[in-house]
**Q** 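Mind looking over this structure? Questions follow.
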Amino acid sequence: MKTSDAAIAVTGLRKTFGATVALDGLDLRVREGEVHGFLGPNGAGKSTTIRILLGLMRDDGGEAVLLGGDPWRDATALHRRIAYVPGDVNLWPQLTGGEAIDLLGAVRGGLDKTRRAELLDLFELDPRKRSRTYSKGNRQKVALVAAFASNAELLVLDEPTSGLDPLMEAVFQRCVTAERDRGRTVLLSSHILSEVEALCERVSIIRNGRTVETGTLDDLRHLTRTAVTATLAAPAPGLTALPGVHDVTTDGDTVAFQVDDGHLEAAMTLLAGAGIRGITSRPPTLEQLFLRHYESEATVR
Amino acid sequence: MTGTLRLIRLILRRERVLAPLWILLLGSLSAGQAARYARTFTSDATIADFATEMTGNKALLAFSGQVYAPTLAGMTVWKIADTVFVLIGLVTVLTVIRHTRTEEETGRAELLGSGVVGRAAPLAAALGFTWTASLLTGLITALGMIKQGFDAEGSLAFGLAVAAVGIVFAAVAGLAAQLTDGARTAVGLAGLALGVGYVLRFLADGSGREWLKWLSPQGWSHLVKPYATDDLTVLGLSLALTTALTVGAFALRARRDLGAGLLAQKPGPADGRVRSPLALAWRVQRGLLAGWVTGFAVAGVAFGALASAIPGLADKQGDSMREFFERYADNGHTDLVDTYLWLMALSLGYVCALYPLLAVLRMRAEETTGRAELLLTGAVARLRWAAGHLLIATLGSAAILTAGGLAMGAVAGDPWRVLGAVVLQVPAVWVLAGIGVLAFGLLPKAAGWICWGAFLFVNLFGEILGPIVGIPYATSKAVIPFLYLPKVISGGEFSAVPVLGLTVLAVALTAAGLAGLRRRAIV
Ligand SMILES: Nc1ncnc2c1ncn2[C@@H]1O[C@H](COP(=O)(O)OP(=O)(O)OP(=O)(O)O)[C@@H](O)[C@H]1O
Ligand SMILES: [Mg+2]
């Protein structure tokens, strides 16, 4: 497999925990220098994938290549080039936040002192407090400062902002953008869709341990439905029967529906026949896209 | 206090395996001992003889307490009571902390506290549960003794004496949980109280200064003198202390915030000097080690002081005395002071065995809390991470024993021989460390059980449990690493073979555990 342009190349990854199949042939490809969104409902297997990539556990099948190396065999060497932020950061109660940041920097092969100071400022973090007294968000900030101030090529972030307030969320987004501009690669697992939408060039959506969608956000939107709201001169009763048209609601002379992209033309022709007075159409938001996967999962189960 | 009952139900569910286990084990230990003595001493005369001999054995009296009744029932209590007191104190401390401070530390209390659960409810539930469990242990003890044919009044008095120790130390733990903001520190604090109570009682019985016993909760339960005077009024002291501690704990709980301790946290340095896994391991482990070194130095002074109170030769040399010397001396050596010192060296070793296991469990805690993961996703190989903790665990064991040996030897007036005898225990302690590492590497989820189990097994099996279940000491001692060591201070010749053998075993266990760690998933 050619991996030179991919920071992460995962194919057919499998992992089971007893009877639970956590990963069932998962594919994931993260190019160098991109911010890649990693999405999926709870229990889909995101953290499991990340833990395999970090060499914390072994896969049961498939292939994973990280920065050109084997995540399990070459773990220590690879980790010099990686910074990881877990969703639930637990720190050493004996250390202060500043001490924890420096320790994490030291074991990752270096920390940029000026960046560290800037980041502490940006995140409004007091490094002299004992870790025990930090709130969840502040513990997460410690890990984020350590990661952003490190010289790692690849940042692996597993729900890194679940404890941040909106102000800090904005700071986080600025930092990720800056990282990308510096040419670093970011794998970002997140449930905060606005964050993914703002930061990620490409995303992979997984469900039940399998990749169900992958591509740029624009690609994904094209694969999907368009939401249409139209004000009509006369009723268009044939609309509901049209293939590819969903969720039709009528309110007076206004009709709203969703249509699969392949059937857009037929729907427009029908509407035109009824006389269009006004029309708006939008691509679906990532949220709608994503909700479809949630819903179809609910029906699968 | 609203929600206390609901919390008790939760505790019952979480303790459904562990609590019945210790209640039954501790409750049946005494009857088991009685059955064993009934097999050994078949007439009133033999038991009376045994009692007289033991009364003359100051070295053993320090461990077991005075002989108050020269009967089968009385000697059973003499033999087993202190062991039961120590164990019930230990489990009640661990149980109360587990359901109070640990709950707060992990944030689970917060989850519950936001429901309809009063602020004092977790403490009330933990104490209520543990007190009931202690009473149950006492009840089973009493019933078992009655079933052995002992009189009911004495049996009940003994049962209450057992329960009282559990009840007092549950309250001690309840208070300790309010003082500190970490579960481990709380266990350490309550464990310290347990240790002080033990040492005071030990000194009282070893030196014959009975009044010292009045300062120790374990001492009060001894002073009940089951089957002799059955003096339950002494337990009024246990009750009074429990009340005072409990009132104090609830008062503190009412005044502090969830998760906070009494001692406020001062800000620390903004920059770190902790830059390697070893330096971090030292930070994580040094508090525990310092506590143990201090504890052993203090205990060493106390145990050493007793050496001068022991007569050089035992008064009477019957069967039991012969057996005593056979166990703890070699080559026909019968100097009681020397034998006492070897027994003390062994005992320090037995207790010290817990330290490396706790150190290994601390490493396991680093893993389960996700802190190890932060390091291991840096350029830190697993073995390097583990090596830091293991270095401290192994060298720390040696440091603890050295501290105890130096103190005991200096006070006993025989510094180098005593130090040598105590430090000799190190390889046996390392074997326990090896078992801990093996568990950590191969069965991480069961590591806590295995470590505590191994510690209790080593402490109880050879002398007490083995004989009770019908395995003679000569056989049961074969699985206790300490009993392979040459009795250098009481007539034995130093030999490198057991020392090297135990060291090799420890290294092999550790290597197997580390091999497992390299291969397994980090949770
Ligand atoms: N150590 C483990 N032992 C057993 N099962 C596990 C373990 N780790 C994960 N699982 C299971 O594997 C599946 C995938 O879990 P994973 O944590 O990877 O999901 P996730 O996508 O990160 O979810 P979330 O969005 O909730 O973080 C789940 O069904 C989970 O219960
Ligand atoms: Mg996850």
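In the text below, chain A, chain B and the rest are named by the order of the sequence lines, each starting its count at 1.
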**Q** So if I apply the side chain to side chain contact (heavy atoms under 4.5 Å, CB included) rule between R371(B) and each of V89(A), N90(A), L95(A), which one comes out positive?
**A**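 Among V89(A), N90(A), L95(A), the one that satisfies the side chain to side chain contact (heavy atoms under 4.5 Å, CB included) with R371(B) is N90(A).
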**Q** Measuring from atom CD of E373(B) to atom CG of L54(A), what distance do you get when rounded to the nearest 0.5 angstrom?
**A**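 E373(B) atom CD to L54(A) atom CG measures 7.5 Å (nearest 0.5 Å).
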**Q** Do the side chain of H79(A) and the main chain of V380(B) share a donor and acceptor less than 3.5 angstrom apart?
**A**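 Checking the backbone N and O of V380(B) against the side chain of H79(A), no donor-acceptor pair under 3.5 Å is found.
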**Q** Side chain from CB out, backbone as N, CA, C, O: work out which of these in L103(A) comes under 4.5 Å of a heavy atom of chain B, or both, or neither.
**A**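 Both the backbone and the side chain of L103(A) come within 4.5 Å of chain B.
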**Q** Within the supplied structure, the quantity of interest is the number of heavy atoms (other residues, nucleotides, ligands) at a distance under 6.0 Å from R31(A) CZ; does it exceed 12?
**A**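 Counting neighbours around CZ of R31(A), 12 or fewer heavy atoms of other residues, nucleotides or ligands fall under 6.0 Å, so no.
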**Q** Counting neighbours of CZ on R182(A) that are heavy atoms of other residues, nucleotides or ligands and sit closer than 6.0 Å, is the number greater than 12?
**A**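 Check passes, neighbour count above 12.
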**Q** So what's closer than 4.5 Å to chain B heavy atoms on L78(A): side chain, backbone, both or neither?
**A**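 For L78(A), no heavy atom lies under 4.5 Å from chain B.
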**Q** Just wondering, do E99(A) and R283(B) contact through their side chains at under 4.5 Å, heavy atoms?
**A**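 They are in side-chain contact.
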**Q** Flag the one option from A379(B), S276(B), A521(B) with the top tally of heavy-atom pairs under 4.5 Å to chain A.
**A**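 Of the options given, most contacts go to A379(B).
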**Q** Within the side chain of R108(A), is there an N or O that forms a donor-acceptor pair under 3.5 Å with the backbone of T377(B)?
**A**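 Pair absent, no side-chain N/O of R108(A) close to backbone of T377(B).
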**Q** Taking atom CZ of R202(A) as the centre, does the number of heavy atoms from other residues, nucleotides or ligands within less than 6.0 Å exceed 12?
**A**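 Yes - once you tally the heavy atoms of other residues, nucleotides and ligands closer than 6.0 Å, there are more than 12.
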**Q** Would one find more than 12 heavy atoms of other residues, nucleotides or ligands at under 6.0 Å from atom NZ of K113(A)?
**A**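 Yes, because the 6.0 Å sphere around NZ of K113(A) holds more than 12 heavy atoms from other groups.
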**Q** Tell me, for R80(A) versus chain B, whether the close heavy atoms (under 4.5 Å) come from the side chain, the backbone, both or neither.
**A**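 Contact with chain B is through both the backbone and side chain of R80(A).
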**Q** Around atom CZ of R519(B), are there more than 12 heavy atoms of other residues, nucleotides or ligands at under 6.0 Å?
**A**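 No.
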**Q** So for R520(B), is it side chain, backbone, both, or neither that comes closer than 4.5 Å to the heavy atoms of chain A?
**A**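 When you check distances to chain A, only backbone atoms of R520(B) fall under 4.5 Å.
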**Q** Counting heavy-atom pairs closer than 4.5 Å to chain A, which one of G268(B), G287(B), G370(B) comes out on top?
**A**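 The answer is G268(B).
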**Q** Do the side chain of T96(A) and the main chain of A270(B) share a donor and acceptor less than 3.5 angstrom apart?
**A**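 Answer holds: no.
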**Q** With side chains defined as the heavy atoms from C-beta onward, is the minimum distance between L91(A) and L374(B) less than 4.5 Å?
**A**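 Yes. Closest side-chain heavy atoms under 4.5 Å.
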**Q** Does R518(B) have more than 12 heavy atoms from other residues, nucleotides or ligands lying within 6.0 Å of its CZ?
**A**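 Not buried by this count: 12 neighbours or fewer within 6.0 Å.
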**Q** Can you tell me which portion of K136(A) sits under 4.5 Å from chain B's heavy atoms? Options are side chain, backbone, both or neither.
**A**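 Neither part, no heavy atoms under 4.5 Å.
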**Q** Quick check on L280(B) against chain A: is it the side chain, the backbone, both or neither that has a heavy atom closer than 4.5 Å?
**A**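 Side chain of L280(B) only, per the 4.5 Å heavy-atom cut-off to chain A.
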**Q** CH2/W92(A) to OG1/T369(B) distance, rounded to the nearest 0.5 angstrom?
**A**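 Going from the CH2 atom of W92(A) to the OG1 atom of T369(B) covers 8.5 Å.
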**Q** What part of R51(A) gets closer than 4.5 Å to chain B, counting heavy atoms only: side chain, backbone, both or neither?
**A**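 Answer is side chain: those atoms of R51(A) sit under 4.5 Å from chain B.
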**Q** Looking only at heavy atoms, what is the nearest atom pair of D271(B) and R116(A), with distance?
**A**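 For D271(B) and R116(A), the tightest heavy-atom pair comes out as OD1-NH1, 3.4 Å.
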**Q** For chain B, which of V107(A), L56(A), V85(A) has the most heavy-atom pairs under 4.5 Å?
**A**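 Greatest number of close heavy-atom pairs with chain B: L56(A).
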